[in-house]
Amino acid sequence: MFPAKLASQFTLNAIRTTHHGACYPCFYTLSSCCLHKERGRTRDSLLSDSSVLRRVFYSQSAIRPSVRLRETQNYGRRPFSLSAATIVNSAPAAVRPYLRLMRLDKPIGTWLLYLPCTWSIALAADPGCLPDLGMLTLFGTGALLMRGAGCTINDMWDKDFDKKVSRTATRPIASGEISRLQALVFLGGQLSLALGVLLCLNYYSIALGAASLSLVITYPLMKRITYWPQFVLGLTFNWGALLGWSAVKGSCDWSVCLPLYFSGVMWTLIYDTIYAHQDKEDDVKVGVKSTALRFQEQTKPWLSGFTVAMMSGLVAAGVSAEQTLPYYAVLSTLAVHLTHQIYTLDINKPEDCWKKFVSNRNLGLLLFLGIVAGNLWKERRETLLQNEELQTFR
C-alpha cells in the first residue's frame, strides 16, 4: 500500500513540474486519479490511472489554446503587434493626441506623399545603380513630418466641419483634446524639423521645396471654393516628383520631371476621388465640395480618363529617362491594376472605397521597383552594345 501511495504522489509531482502552467481542471482530474483513498488500490487501478494520465498528456494541444485565452482574459495580455495604430495607442496618454493629429496611426497618407519622391530619386540614379539610400531615408523623414504638418493645418482649418462628421468628430482638435494654440505650437515644431531636413539638400532643392509651402497651407481651403480640391492635393502631394530629381542631380530635367509630376497628379485624382466617395453624404450636409460630388455616377469614366493620362505621362517620363524593358513591363501591370480597381469599384460602399484607396500604396511601390529594375537593366544593355561595337571593329 505504501509503494502505491508513493508512486501516485511521485507521478503527480512530475506532472506539476513538467507541465507547469497547465489548467487547474487538468490537475483536478489527475488528483482524483492519483490521490484517492489508497485502501483497496491494486495494480489494476494504478494502470487505469496511467491510462488517464496518457489521455491528459495527449490532450495538451487542445487544452493550451483555452489556457492562453484564459490568461489573456485574466491578465489582459495582448499579442505583440507592430502596427502603426498599436504603437500610437501604447504611447503615453499626453503624447497620444499629437500622434493622432499627425495621423501616425494611419500611415497610408505618408506613403502616398513619399512614393512620388522615391520614383524621382530612382529615375535620377546613375545607369546600373541602385537609388541613393541616404536620399530615400531623408525624404522618408521629410514626408512623415510634412504629412503631419499638413494634417495639423487641415484640422485647424476644419475644426467646425469635423465636429459635424462622425468619422472626423474624434480628431484631437475637433474633440477638444488639443486646442488651436497647442496645435499651432506643434505645427511650428514639425515645420522646424522639416526645414532641418530640407537644409540638408542643395540650394536649388531648398528653394524648390520652400515653394511648396503655399500649397500645403492653402489646400484645406480648396474644398470650400471648388469641386476640384483633389487636383490641388495632387499638386501638393506630388511635389516630391520634382524635388527628388533635383536633390540628386542639382536641378530638374523638365523632360523627365514634368511628365512624372503630371502622372502623379493624375494618380492622386484617381485615389482621392475614390476616398472622397466615403464622405460624400457628410460633405453635402456640411457644405464642402469634392470631385466625388462633381462626378457622381460618372466617376468611373472620369477615373478611366485619369488613368490613360497617368500612363501616358509615365511612358513619356520613361522615354526621356531612357528607361528599359522592366520599367515598361511594370507599367503594363499598373494599367491592369488600375483598370481592375476602377471596374470593380462600388462608389456607394465606403468599405470598398477604402480598400481600393489603400491598394494604391502597393501600386506606388510596384512602380518604384519597376524604375529600379529598369535602371539596373541599363547597365546590361550598355554592356551588350559595347560588346557589339568591339565585335564590329574586329
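Computed from a predicted model, the values in this text were never measured in an experiment. These numbers come from the heavy atoms of this one structure, side chains and all, not from hydrogens, waters or symmetry mates.
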Task: Side-chain donor or acceptor of K280 paired with backbone N/O of I347 under 3.5 Å - done: yes
Task: Hydrophobic cluster membership, Y203 vs M135, 4.5 Å side-chain cutoff - done: yes
Task: K249, NZ atom: more than 12 neighbouring heavy atoms under 6.0 Å - done: yes
- [ ] For side-chain contact (heavy atoms from CB on, under 4.5 Å), just list the numbers for L293 and S290, CA-CA rounded to whole Å, side-chain angles, deciding distance to a tenth of an Å, and then say yes or no.
- [x] CA-CA 5 Å; L293 295 176; S290 71; 3.7 Å; yes
- [ ] Look at atom OH of Y204 and say whether more than 12 heavy atoms of other residues, nucleotides or ligands are closer to it than 6.0 Å.
- [x] yes
Open item on the list: Using only atom types and a distance under 3.5 Å, with no angle test, would you say the side chain of K300 pairs donor to acceptor with the backbone of Y343?
Closed with: yes
Open item on the list: Can you confirm whether the side chains of S246 and S205 place a donor and an acceptor under 3.5 Å from each other?
Closed with: yes
Open item on the list: Quick check on the 6.0 Å ring-centre criterion: do F295 and W228 meet it?
Closed with: yes
Open item on the list: Tell me if a side-chain donor or acceptor on R294 pairs with a main-chain N or O of K289 at a distance below 3.5 Å.
Closed with: no
- [ ] Please answer whether the main-chain N or O of L235 pairs with a side-chain N or O of Y261 as donor and acceptor at a distance below 3.5 Å.
- [x] yes
Open item on the list: Between S212 and W239 (side chain of the first, backbone of the second, donor and acceptor by atom type, cut-off under 3.5 Å), is there such a pair?
Closed with: no
- [ ] Indicate, with yes or no, if L123 and L325 share a hydrophobic cluster defined by side-chain heavy-atom contacts under 4.5 Å among Ile, Leu, Val, Met, Phe, Trp and Tyr.
- [x] no
Task: For the student: nearest non-hydrogen atoms of L201 and L138, plus distance - done: CD2-CD2, 3.6 Å
Task: Aromatic plane relationship, F357 with Y275 - under 30° parallel, 30 to 60° tilted, over 60° perpendicular - done: tilted
Task: Electrostatic pair K164:D282 at N-O distance under 4.0 angstrom - done: no
Task: S255 side-chain N/O to S320 backbone N/O, donor-acceptor pair under 3.5 Å - done: no
TODO: In plain terms, say whether R103 and D155 are close enough for a salt bridge, that is, a side-chain N and a carboxylate O under 4.0 Å apart.
DONE: yes
Task: Donor-acceptor side-chain pairing of T291 and Q230 below 3.5 angstrom - done: yes
Open item on the list: Quick test of your reading of the model: are E177 and R100 salt-bridged, counting only N-O distances below 4.0 Å?
Closed with: yes
Task: Shared hydrophobic cluster for V308 and M310 (ILVMFWY, side-chain gaps under 4.5 Å) - done: no
Open item on the list: For residues L338 and V336: do they belong to one hydrophobic cluster (side chain heavy atoms under 4.5 Å, members Ile, Leu, Val, Met, Phe, Trp, Tyr)?
Closed with: no
- [ ] Would you check if there is a donor-acceptor pair between the side chains of S83 and T86 at a distance under 3.5 Å?
- [x] yes
- [ ] Let me see the working for D283 and K223 under salt bridge (Lys or Arg N to Asp or Glu O under 4.0 Å), right down to the final yes or no.
- [x] CA-CA 9 Å; D283 288 347; K223 67 185 77 171; over 6 Å; no
Task: For W119, the option from Y327, F139, W245, W267 that meets ring pair (Phe, Tyr, Trp, His ring centres under 6.0 Å) - done: W267
- [ ] Nearest 0.5 Å please: distance from the CG atom of D162 over to the NZ atom of K159.
- [x] 10.5 Å
